[in-house]
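A quick write-up on the structure given underneath.
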Amino acid sequence: MVATVATRGLDRPARCDGRRGRATRRTGFYANLRPQLYRLIESESVDPVRNPYAPGAGQRPPELAGRDRELKQFEVVIERVARGRPERSMIVTGLRGVGKTVLLNAFRSMAIQRLWGTGKIEARPDQSIRRPVASALHRAVRELAPRHRAPDRIEEFLGVLKAFAQSGPEPSGREKARAHRWQPGIDVPATRGRADSGDLEIDLTELFVDAASVATDVGVGIALFVDEMQDIPADDMSALCAACHELSQVGGPLIVVGAGLPHLPAVLSASKSYSERLFRYARIDRLDRESADRALLAPAEREEVTFTKEALDALYGAADGYPYFVQAYAKVVWDVAPDTPITADDIRVAAPEAESELAVGFFGSRYERATPAERDYMRAMAVLGDEPVATAAVADELGRKPSSLSPARDGLIKKGLIYSAERGMVAFTVPHFGKFLRAQPV
């Protein structure tokens, strides 16, 4: 006996025989159920399974809209470096949720397509960059090694890299044994006398120069990508700037591409006075209306779904052009919309659910990290408005002396919840965070 099951235009025979009676009965049950499920899914023009939107941390959206200028700038940088022309490294800054990490990953993909060696690290406030940089450059050189004609040159560099990784100051106490056992996964002996002085500025400069030399042999470049760059410890930031300065003078094909919060340029300037001339800065912000609409329409139309003009108006008003919010609202709207085109009524139905998800995952998780004193400080900021506010005004709002609030302010800056927009001024690193705080019960 042969039964035919129709599955979206594909006919598959399902055979029954005595030897596999139980299995075929189960198969027959699901086979009979499948057409009903398909009819149910196909009756919904907006299929949740095909939802294209991606509100994830650093996750590339289906349409990278509104960043053409920055992509073009980076393309110019890597082309000039590849041709031996003098060029600065690049820094991307902006609030959380504007797509800095996404852009950093897009830059890295561009470098990989041009056969560059690449490595990426995420800075942490209490961690030296010595070992993360060693691991990142190890990966970058491994990408170049198969194309290098002199294996001895690769091994020579790996020996320097291993010495660099193992030459930092020894931690004390519980971390000491773990640090002693740490190995960078390099099967060559550490080289003595190069990048192993223990002074990060000297060592990092020598390491970068040697890595750039390896890239020159292959005829390409190396790009080191640093996310959350504002969290690099002050001494390490100074060393990184000094190494980049040396590279810019010798013309080595190695660049550092950083991403961080809006105060990153001030952090760099505080570490080295010449940093404003050392990097090419790109500040990214919310999307303009045209780019926000493209971020919504392009992926939807690939799934044969579209939005009415009124729906686009409502979505832009809700998301305010911030890329993460655009993806977050669009994902929920897609799931609740019964048909295409998606309408303004669908937006009104979906908005409370989207806002609830943002309140828990995007805003709430950050708020929970703050101490009671830090929460009081942020609530006072929120009362004063959404623009940067004076620290003196926050103190007045709380009825305290400014000096007594320094620990709370410094703790919030260290946690990445606020930043110093300029001297005596503070602002939230997260867009709409003041609005979220004003909606919370006291």
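Counting from 1, the numbers follow the sequence of the chain as shown.
- In this structure, Glu201 CD and Glu246 CD are separated by 10.0 Å, a value rounded to the nearest 0.5 Å.
- Taking each heavy atom of Ala354 and Tyr329 in turn, the nearest pair found is CB-CD2, 3.6 Å.
- Between Leu240 atom CG and His245 atom NE2 the span is 13.5 Å, to the nearest 0.5 Å.
- In this structure, Arg130 forms a cation-pi arrangement with Phe164, its terminal cationic atom sitting closer than 6.0 Å to the ring centre and no more than 45° off the ring axis.
- Side-chain atoms of Met90 and Tyr281, non-hydrogen and from C-beta on, never get closer than 4.5 Å to each other.
- Remark: Met229 CE to Leu264 CG distance equals 6.0 Å, nearest 0.5 Å.
- With respect to the salt-bridge test (charged N to carboxylate O, under 4.0 angstrom), the residues Glu397 and Arg379 do not qualify.
- With a 6.0 Å cutoff to the six-membered ring centre and a 45° limit on the axis angle, Arg409 does not count as a cation-pi contact of Tyr377.
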Between Glu304 and Arg50, is a salt bridge (charged side-chain N to carboxylate O under 4.0 Å, His left out) present by the stated rule, with each step listed? CA-CA 11 Å; Glu304 300 181 349; Arg50 295 185 291 123; over 6 Å; no
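- The closest donor-acceptor contact from the side chain of Ser275 to the backbone of Ser271 lies at 3.5 Å or more, if one exists at all.
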Pair Arg302-Glu63, side-chain contact (heavy atoms from CB on, under 4.5 Å): steps then yes or no:
CA-CA 11 Å; Arg302 289 194 286 267; Glu63 183 73 18; 3.5 Å; yes
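- A donor-acceptor pair is defined here as one N or O able to donate and one able to accept, closer than 3.5 Å; such a pair exists between the side chain of Thr429 and the backbone of Leu417.
- Under the 4.0 Å criterion applied to side-chain N and carboxylate O atoms, Asp313 and Lys309 are assigned as salt-bridge partners.
- Glu290 and Arg294 are not joined by a salt bridge, as no carboxylate oxygen comes within less than 4.0 angstrom of a charged side-chain nitrogen.
- For Asp386 and Lys435, the salt-bridge test fails: no basic side-chain N is under 4.0 Å from an acidic carboxylate O.
- For Thr93 against Pro262, the heavy-atom pair with the smallest separation is CB-CA, 4.2 Å.
- Test Val102, Leu287, Leu103, Ile284 against Pro323 for side chain to side chain contact (heavy atoms under 4.5 Å, CB included) and you get one pass: Leu287.
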**OP:** Apply side-chain contact (heavy atoms from CB on, under 4.5 Å) to the pair Leu161 and Val141, showing each step before the final yes or no.
**Re:** CA-CA 10 Å; Leu161 182 65; Val141 171; over 6 Å; no
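- Summarising the geometry of Ser403 relative to Pro407, their closest heavy-atom pair is O-CD, 4.1 Å, with the distance given to 0.1 Å.
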*asked:* Let's go through Val430 and Arg366 carefully: what are the C-alpha distance in whole Å and the side-chain angles of both, what is the deciding distance for side-chain contact (heavy atoms from CB on, under 4.5 Å) to 0.1 Å, and is it a yes or a no?
replied: CA-CA 9 Å; Val430 178; Arg366 289 176 165 83; 3.4 Å; yes
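- A donor-acceptor pair is defined here as one N or O able to donate and one able to accept, closer than 3.5 Å; no such pair exists between the side chain of Arg80 and the backbone of Glu87.
- Between the Gln327 side chain and the Ala54 main chain, a donor and an acceptor come within less than 3.5 Å of each other.
- Between Tyr53 and Phe307, the two ring planes are perpendicular [angle over 60°; tilted spans 30° to 60°].
- Checking side-chain atoms of Thr216 against main-chain N and O of Ala212 turns up a donor-acceptor pair under 3.5 Å.
- Neither side chain, Asp235 nor Ser238, offers a donor N or O lying under 3.5 Å from an acceptor on the other.
- Using a 4.5 Å cut-off on side-chain heavy atoms (C-beta onward), Glu70 and Val92 make no contact.
- When ring centroids are compared, Phe362 and Phe325 come within the 6.0 Å threshold.
- A distance-only check finds a donor-acceptor pair linking the side chain of Lys100 to the backbone of Leu95 [under 3.5 Å].
- The existence of a salt bridge linking Lys414 and Glu374 is excluded, since no basic side-chain nitrogen approaches an acidic carboxylate oxygen closer than 4.0 Å.
- Rounding to the nearest 0.5 Å places OG of Ser89 at 7.5 Å from CD1 of Ile91.
- Checked by atom type and distance alone, the side chain of Glu143 pairs as donor or acceptor with a backbone atom of Thr118 at under 3.5 Å.
- Rounding to the nearest 0.5 Å gives a distance of 5.5 Å between CD1 of Ile129 and CG of Leu200.
- A salt bridge links Glu75 to Arg114: at least one charged side-chain nitrogen sits closer than 4.0 Å to a carboxylate oxygen.
- Remark: the backbone N or O of Pro265 is not paired with any side-chain donor or acceptor of Ser269 at under 3.5 angstrom.
- Looking only at distances, a side-chain donor or acceptor of Arg147 sits under 3.5 Å from a matching main-chain atom of Leu115.
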Would Glu303 and Trp334 count as a side-chain contact (heavy atoms from CB on, under 4.5 Å) here? Give the steps.
CA-CA 11 Å; Glu303 301 293 341; Trp334 180 287; 3.7 Å; yes
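- Across every non-hydrogen atom of Leu384 and Val394, the tightest pair is CD1-N, 3.8 Å.
- The SG atom of Cys244 lies 13.0 Å from the CZ atom of Arg88; values are rounded to the nearest 0.5 Å.
- Between Val389 and Met425 the shortest side-chain heavy-atom distance does not fall below 4.5 Å.
- Side chain of Thr340 to main chain of Val305: no donor-acceptor pair is present (N/O by atom type, distance under 3.5 Å, no hydrogens or angles).
- The environment of Arg283 atom CZ is dense: over 12 non-hydrogen atoms of other residues, nucleotides or ligands sit within 6.0 angstrom.
- Smallest separation of non-hydrogen atoms from Ala311 and Ile347: O-CG1, 3.9 Å.
- Under 3.5 Å, the side chains of Glu228 and Gln230 contain a donor-acceptor pair of N or O atoms.
- Judged by the 6.0 Å and 45° rule, Arg289 forms a cation-pi pair with Tyr316.
- Residues Phe433 and Arg96 fail the side-chain proximity criterion, which asks for heavy atoms closer than 4.5 Å.
- At a threshold of 4.5 Å between non-hydrogen side-chain atoms, the residues Asp217 and Leu144 do not count as touching.
- The heavy-atom pair separating Leu207 from Ala195 by the smallest distance is N-CB, 4.3 Å.
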